[in-house]
Amino acid sequence: MVSKEAEKRGAIFTTTQQSISRFENGIVKREPSWLQFALFAFDANAVPAPAPPPDFF
């Protein structure tokens, strides 16, 4: 998904599951260059939370 989002924005970019896992587990200390494309991917696929029932509050 990261690579597809990069391609949509005109960037040639590839990343691996391993590099994403290293970032998620805190092994990579600097911000990776693919992070912005990951944020675009999550935002594009976001599903809004359902509304609470009327008597919730």
Side-chain angles (χ1 to χ4, degrees):
M1 290 175 66
V2 172
S3 297
K4 287 180 183 180
E5 288 299 322
E7 188 177 314
K8 283 183 191 177
R9 289 160 174 75
I12 305 291
F13 200 89
T14 57
T15 191
T16 63
Q17 180 67 35
Q18 184 178 17
S19 66
I20 292 172
S21 178
R22 286 180 178 169
F23 176 72
E24 290 174 334
N25 290 302
I27 296 168
V28 176
K29 300 300 180 191
R30 59 178 172 60
E31 185 176 297
S33 55
W34 51 260
L35 186 58
Q36 65 180 331
F37 301 117
L39 295 173
F40 288 132
F42 280 109
D43 188 47
N45 295 303
V47 177
D55 59 345
F56 184 73
F57 296 104

Sequence-distant partners of Arg22, salt bridge (Lys or Arg N to Asp or Glu O under 4.0 Å), two or more places apart: none
Specify the closest pair of heavy atoms between Ala11 and Phe37, including all atoms of both residues, with the distance to one decimal. CB-CZ, 3.9 Å
So does Glu5 pair up with Lys8, basic N to acidic O under 4.0 Å? yes
To the nearest 0.5 Å, how far apart are CD in Glu31 and CD in Gln36? 8.5 Å
Candidate list Thr15, Ile20, Thr16, test side chain to side chain contact (heavy atoms under 4.5 Å, CB included), partner Gln18, passing option: Thr16
With side chain to side chain contact (heavy atoms under 4.5 Å, CB included) as the test, would you mind laying out the steps for Leu35 and Phe23 before giving the verdict? CA-CA 9 Å; Leu35 186 58; Phe23 176 72; 3.9 Å; yes
